[in-house]
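Here's the structure, in structure tokens; my notes come after.
What you see is a predicted model, and the numbers here were worked out from it, not measured in a lab. Quick note: numbers below take in every heavy atom, side chains included, and nothing from hydrogens, waters or symmetry partners. Residues take their numbers from the sequence shown, with the count starting at 1.
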Amino acid sequence: MKTHEFFLLPLLFLTGFLTADSISPNEKKPKKAKLPKIRKENNVLLLKKSNFDRALKETKYLLVEFYVSLSSSSQNLSEEFAEAARHLKKEAPRIQFGKIDVTHQHDLRKEFNIREFPTVKFFVDGSREDPIDCKGVRQASAFITWVKRRTGPSTVLINSTDQAEAIINADDLAVIGFFKELDNDSVEVFCETARDVPEMPFGMTASKDVRANYSIQKNTLVVFKKGKPVHNEVLEDGRQNKLDLTRVIKTFTLDLVTEYNLETSVKIFDVPVENHILLFTPTNSETFHAIYENYKSAAEEFRGKIMFILVDTNETRNGRIFEYFRIREVDVPAVRILNLTSDAKYKMPADEVTVENLKEFCQNYLNGKAKLHVSSEEIPEDWDKMPVKVLVGKNFNRIVFNKTMTVFVMFYAPWSYDCRKLLPIWDKLGEQYESHNDIIIAKIDVTANDILSVGFDRYPFFRLFPAGPDYQEVAYAGEHTLEAFSEFLEEQSKTKAEPGEKDPSGGIKEDLSQKETVIMEKEEL
């Protein structure tokens with residue numbers, strides 16, 4: 001042993017004693033931070049902001065339901081969600097189900113852009129960035145299929161005719177992809193589509209014998225209903241995308257013409273077809289059968305492009321939809337097209353519901369030639385006499401886009417309890433700012449007036465239209481209290497309106513009410 005090693009050994013020994021002695025016997029070793037608890041209810045994790053991060057880190061695959069406790073649709077979905085979790089508990093332990101009551105979890109609602117309830121999202125590998133939306137899934141069996149296809153093969157590989165027949169006859173609907181080879185872009189799009197359509201089994205094959213048995217020569221997607229082919233879609237690389245195929249396939253989960261009611265409404269909006277045509281007619285009328293057959297005959301040509309819906313005007317529970325489309329008893333039978341993305345409505349020009357008129361109307365709409373149907377109430381004589389001004393479609397643009405005034409507008413629906421509760425508060429806000437010549441407090445019934453220039457939100461909603469040449473609409477997202485409304489208005493109206501020509505009796509507001517020019521963006525039909 002070298003000489004310097006003899007000196008090092010006693011030094012290390014002594015240092016060890018000194019270090020140990022330096023720890024006071026009264027001092028406690030630092031405890032590890034406790035992890036937030038995660039409780040389970042019916043095999044579903046009960047999540048919130050404090051434990052959500054832990055759940056993500058400890059779970060490979062996490063399917064989360066964002067809901068509000070008072071929503072009946074949320075409660076119904078939670079039951080199906082729990083049943084799916086119970087079923088997969090032993091079969092796929094890597095897949096966990098969780099739910100978050102976001103009634104008071106505003107940070108999570110904002111982070112994940114939760115606008116509808118319930119909303120279901122899928123988180124993979126602990127990442128909270130860009131979770132996958134699980135849309136249109138309502139049943140436990142569909143949830144099970146959906147997560148399985150996201151975590152494993154999305155389709156069954158078919159090698160024989162017997163195997164194909166087994167899949168085709170296993171359920172009412174089935175989708176089979178027939179391919180010459182399984183290494184092309186069309187196969188990839190087909191598999192991606194299968195992940196988003198859990199309501200039916202998917203299979204694919206490259207077997208010559210199987211293709212020959214069904215007389216398939218090109219790469220083709222075939223939808224089978226009750227064992228029989230009902231739709232063929234030739235798949236060409238680069239031509240179709242997942243949304244196009246999903247749109248076509250999902251239409252077969254509904255009838256060619258679907259009657260609107262409480263049971264079918266959810267299914268109707270789950271199918272990703274943004275164009276809906278609606279026939280409003282009493283189903284017990286003498287002319288109903290003939291009208292319905294014409295409507296059904298026209299529907300086949302537009303499958304996947306326009307969804308055909310029947311609304312029975314004798315059903316009192318359909319009152320909201322009559323109100324939304326401004327349908328009166330004298331109007332029926334009536335036909336309207338609604339674009340779900342823009343909320344734009346179109347009225348069929350012809351009164352008679354024939355196959356020819358329906359097809360022409362639909363084709364003109366798809367070609368961009370149909371005229372928008374814009375509704376407006378008449379301007380009330382006393383619209384500007386009260387502290388809160390009454391707006392309708394015919395005077396909306398003239399008032400809110402006048403550049404001389406800051407206009408704060410409440411958009412409401414008369415049938416909404418939340419709206420009715422807020423109207424007295426809005427009246428008080430109007431009284432508070434009645435003496436301000438550069439500020440208008442206004443309201444508009446959006447169930448009776450179409451305003452194309454404003455993006456709609458859940459009732460009630462509020463928009464501020466500032467004065468000045470640099471117009472930029474401001475959406476209000478604060479609390480629904482007089483103090484919060486007032487504070488928001490004060491902050492937004494710091495930039496004063498341009499001076500206008502005043503008279504002794506009423507200033508700018510009075511001047512506005514005397515104008516006779518009505519500016520309309522679209523022609524009222």
Practice item. Taking all non-hydrogen atoms of both residues into account, name the closest pair between A334 and D331 and its distance. Key: CB-O, 3.6 Å
Practice item. Pick out which of K135, R138, K250 makes a salt bridge (charged side-chain N to carboxylate O under 4.0 Å, His left out) with D270. Key: R138
Point to revise | Polar side-chain atom of T59 near backbone of Y61 as donor-acceptor pair, under 3.5 Å | key: no
Check your understanding: Any chance the side chains of E259 and T264 put a donor and an acceptor closer than 3.5 Å?
Key -> no
Exercise for review: Verify, without hydrogens or angle tests, whether E65 (side chain) and I100 (backbone) share a donor-acceptor contact under 3.5 angstrom.
Suggested key: no
Exercise for review: Apply side-chain contact (heavy atoms from CB on, under 4.5 Å) to M204 and I158, showing your working.
Suggested key: CA-CA 6 Å; M204 65 179 182; I158 298 170; over 6 Å; no
Practice item. Take atom CG of N113 as the centre, draw a 6.0 Å sphere, and report whether it contains more than 12 heavy atoms from other residues, nucleotides or ligands. Key: yes
Check your understanding: Can we say K242 and E188 salt-bridge, meaning some charged N sits less than 4.0 Å from an Asp/Glu carboxylate O?
Key -> no
Check your understanding: Within the side chain of N294, is there an N or O that forms a donor-acceptor pair under 3.5 Å with the backbone of V353?
Key -> yes
**Study point:** Closest contact, heavy atoms only, P460 versus M410
**Key:** CB-CE, 4.0 Å
Review point. Given S207 and N159, is the side-chain contact (heavy atoms from CB on, under 4.5 Å) satisfied, shown in steps?
Key: CA-CA 6 Å; S207 166; N159 296 312; 5.9 Å; no
Exercise for review: Decide yes or no for F202 and V197: does some side-chain heavy atom of the first lie under 4.5 Å from some side-chain heavy atom of the second?
Suggested key: yes
Check your understanding: Only one of Y365, F308, Y346, F302 clears side-chain contact (heavy atoms from CB on, under 4.5 Å) with I277; which?
Key -> F308
Point to revise | Residue from V147, V64, V120 passing side-chain contact (heavy atoms from CB on, under 4.5 Å) with C134 | key: V120
**Study point:** Ring center gap for F190 and F179 short of 6.0 angstrom
**Key:** yes
Check your understanding: Got a sec, which residues hit side-chain hydrogen bond (donor to acceptor under 3.5 Å, both in side chains) with T145, two or more places apart in sequence or on another chain?
Key -> none
Practice item. Look only at the side chain of R336 and the backbone of L278, and say whether a donor-acceptor pair between them is shorter than 3.5 Å. Key: no
Point to revise | Nearest heavy-atom neighbours spanning E263 and N261 | key: N-OD1, 2.9 Å
Check your understanding: Could you state the interatomic distance from CZ (R149) to CD (E192), rounded to the nearest 0.5 Å?
Key -> 14.0 Å
Exercise for review: Return yes when atom CG of D130 has more than 12 non-hydrogen atoms of other residues, nucleotides or ligands closer than 6.0 Å, and no otherwise.
Suggested key: no
Practice item. Classify the side-chain pair S73/N76 by whether it contains a donor and acceptor separated by less than 3.5 Å. Key: no
Exercise for review: Answer yes or no: is there a donor N or O on one side and an acceptor on the other, between the side chain of N357 and the main chain of E352, under 3.5 Å?
Suggested key: yes
Exercise for review: Look only at the side chain of N367 and the backbone of Q363, and say whether a donor-acceptor pair between them is shorter than 3.5 Å.
Suggested key: yes
Study note, to complete from the structure: Residues pairing under side-chain hydrogen bond (donor to acceptor under 3.5 Å, both in side chains) where one sits in residues 210-227, two or more places apart or in two chains, turn out to be E165-Y214
Review point. Does the side chain of R195 pick up a donor-acceptor pair with the side chain of S154 at under 3.5 Å?
Key: no
Point to revise | Expected output: side-chain N184 to main-chain V187 donor-acceptor under 3.5 Å | key: yes
Review point. Of W146, F112, F143, which is the lone residue that meets ring pair (Phe, Tyr, Trp, His ring centres under 6.0 Å) with F122?
Key: W146
Review point. Is the F52-F123 ring centre distance short of 6.0 angstrom?
Key: yes
Revision key, fill the gap. Output for pair (I176 CD1, I216 CD1), nearest 0.5 Å, gives 10.5 Å
Check your understanding: Where is the tightest heavy-atom contact between T313 and P282, given as atom of each residue plus distance?
Key -> OG1-N, 3.1 Å
Review point. Should N314 and D312 count as side-chain neighbours, where that means a heavy-atom distance under 4.5 Å?
Key: yes
Review point. Could you give the distance from CD (Q96) to CG (L63), rounded to the nearest 0.5 Å?
Key: 11.0 Å
Review point. Hey, are the side chains of V175 and V222 touching, using non-hydrogen atoms and a 4.5 Å cut-off?
Key: no
Review point. Does the side chain of E274 reach to within under 4.5 Å of the side chain of M307, using non-hydrogen atoms?
Key: no
Practice item. Could you tell me whether E41 and K99 make a salt bridge, using a distance below 4.0 angstrom between a side-chain N and a carboxylate O? Key: yes
Revision key, fill the gap. In terms of heavy-atom contacts, G227 and N169 come closest through CA-OD1, 3.6 Å
Check your understanding: Above 12 or not: heavy atoms from other molecules or residues under 6.0 Å from CD of E116?
Key -> no
Check your understanding: Is L70 atom CG crowded by more than 12 heavy atoms from other residues, nucleotides or ligands, each under 6.0 Å away?
Key -> no
Point to revise | Side chain to side chain, L221 and V223, heavy atoms closer than 4.5 Å | key: yes
Practice item. Please answer whether the main-chain N or O of A140 pairs with a side-chain N or O of E80 as donor and acceptor at a distance below 3.5 Å. Key: yes
**Study point:** Ring geometry between F280 and F322 (parallel below 30°, tilted from 30 to 60°, perpendicular above 60°)
**Key:** perpendicular
Exercise for review: Run the salt-bridge test on D125 and K60 with the 4.0 Å N-O cut-off and return the result as yes or no.
Suggested key: yes
Review point. Is any side-chain N of the basic residue among E473 and R463 closer than 4.0 Å to the acidic one's carboxylate O?
Key: yes
Point to revise | Carboxylate-amine/guanidinium proximity below 4.0 Å for D53 and R128 | key: yes
Check your understanding: Do any N or O atoms from the side chain of N339 and from the backbone of S342 form a donor-acceptor pair under 3.5 angstrom?
Key -> yes
Review point. Closest approach of S69 and Q75, non-hydrogen atoms and distance?
Key: O-NE2, 3.0 Å
Review point. Between D255 and T258, is any side-chain donor less than 3.5 angstrom from a side-chain acceptor?
Key: no
Practice item. Could you tell me whether N284 atom CG has more than 12 heavy atoms of other residues or ligands within 6.0 Å of it? Key: yes
Check your understanding: Heavy-atom distance under 4.5 Å between the side chains of M200 and D171, does that happen here?
Key -> no
**Study point:** CD (E479) with more than 12 external heavy atoms under 6.0 Å
**Key:** no
Exercise for review: Would you indicate whether the side-chain heavy atoms of H276 and L340 approach each other to under 4.5 Å?
Suggested key: yes
Revision key, fill the gap. Rounded to the nearest 0.5 angstrom, the CZ-CG distance for F224 and D172 is 14.5 Å
Practice item. Taking the side chain as every heavy atom from C-beta outward, state whether D445 and P414 have any atom pair closer than 4.5 Å. Key: yes
Review point. Hey, is D244 close enough to R247 for a salt bridge, meaning N to O under 4.0 Å?
Key: yes
Review point. Are R86 and E83 ion-paired here, with the side-chain N under 4.0 Å from a carboxylate O?
Key: yes
**Study point:** Check: F117 ring centroid to F66 ring centroid under 6.0 Å
**Key:** no
Check your understanding: Is the backbone N or O of A370 less than 3.5 Å from a side-chain atom of N364, with the two atoms forming a donor-acceptor pair by type?
Key -> no
